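Counting from 1, the numbers follow the sequence of the chain as shown. Counting convention: from 1, in listed order, for ligands and their atoms alike. Computed from a predicted model, the values in this text were never measured in an experiment. The figures that follow rest on heavy atoms only: side chains count, while hydrogens, waters and symmetry mates do not.
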Amino acid sequence: MAKFSFRVLHALSLITLCASAAVSGRSKLPLPAPLGSYSVGTTSLEMIDHSRMDPYASTPQPRAIMVSLFYPTTDTHKPFAPYLPAKLAAIADQYLGLPAGFIESIQPQAHLNARLEEIPDIPIILFSPGLGAAREEYTILFEGLASYGYLVIAMDHTYDAVLVEFLDGTIVLGSPDINGDAQSIDVRTKDSSFVIDQLSNKTFITQIPGIVHRTFKESKIAMFGHSLGGTTTLSVLEADKRVLGGVSLDGPIFGAEEELGINKPFLMFGRDNHTRCNDPAWAEVWKHLTGWKAEITLAKTTHFTFTDIGAVFTEAGLIDSLDPGRSMYGSIDQVRATVAEITYLKAFFDFVLKRGKDTMFRHSDPAFPEITIV
Ligand SMILES: *[C@@H]1O[C@H](CO)[C@@H](O)[C@H](O)[C@H]1NC(C)=O
Ligand SMILES: *[C@@H]1O[C@H](CO)[C@@H](O)[C@H](O)[C@H]1NC(C)=O
């Protein structure tokens, strides 16, 4: 498949489905409740890398990105966060042909600017989205992982992401020229290392609600990404020794650089029947992984099952009318899919960051018959 078509597909998946969601009215659409024992807090931060000019910006300016943090909290009197910032939600409704207020009706489970729970050396998970995707499209996974005691930092790669809203309300549209080539991966990799650098920047840290005196110096870091975000994860694992392991959700989509060599734990988590046995690009990546590695698939899914969208439309009672053949999201129960994704992601991050066991990747679990160990 041509590189460009992944971006188009991603945009189309939103447009076609959201357009017919117009019938749904505007009652709140809560995201699935997180399974872990913590409640979840979230905040969005703007980060400016003064050491790097933005290669995509039309005027000379330092690279600026937005990140969302999702983290455990017990501070539940704070209001729930919006799914998208207000201005972006309104634009996205219009952009996608939705009735005003549809996206605003999506109700995350995370409390906005709630205090971060005091967990010593809280383990950190970095996330990189698919080409053209927005970080918010994976909120269910972030809330799920945060509820198990992880600090999740989800990046938007400005100009690569379809729409980014900065804190002053500036909206930056994605550029159709960004196609997942080596430059895209390079920018995404530098974004990732910059975010990790900032974990020892006091000014940055004090922007995070309720953690003025904290440092993350001893926190262990791992990473995951969807689609091109999986390619990004491989690249970051190779480039940045601070990142200890990674997961690719149904990526990488374009294979690996020939010189790739990674001896850190890596999980390839594919859609239905997408394995190294039938994807030469995956076989190539597999060969270059010299550390702990595993590959699993999730039955009855597609590339886009790994975003929130199918689950949101299921919660809205609209999945059958919006995706009747389930060619876009797959025939799996979409909310159940998020449970399986979160459970196996948690097992991997527990293994890499919390000295957990890797049993779930060695033996199939009767509780998750839809997961195949390849
Ligand atoms: C530290 O963080 C602040 C706030 O985000 C930022 O303005 C500053 O440039 C950062 N410092 C470095 C060295 O990156
Ligand atoms: C899995 O993929 C292979 C190769 O692409 C194909 O031959 C096979 O029919 C697929 N199996 C299922 C169950 O879709």
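Comment: D49 does not engage R63 in a salt bridge, judged by the lack of any side-chain N to carboxylate O separation of less than 4.0 angstrom. The pair D272-K300 does not meet the salt-bridge criterion, since no charged nitrogen lies less than 4.0 angstrom from a carboxylate oxygen.
The ring-ring contact (aromatic ring centres under 6.0 Å, His included) test applied to Y83 returns no partner, not counting sequence neighbours. Annotation: side chain to side chain contact (heavy atoms under 4.5 Å, CB included) contacts of S39 (sequence neighbours excluded): T73, T76.
Within the structure, every pair that satisfies the side-chain hydrogen bond (donor to acceptor under 3.5 Å, both in side chains) test and touches residues 365-374, not counting sequence neighbours, is listed here: R336-E370.
A heavy-atom cutoff of 4.0 Å around ligand 1 is satisfied by the protein residues H50, Q198, N201, T203, F204, Q207.
Cation-pi geometry between K293 and F266 is not satisfied (NZ or CZ under 6.0 Å from the ring centre, within 45° of the ring normal).
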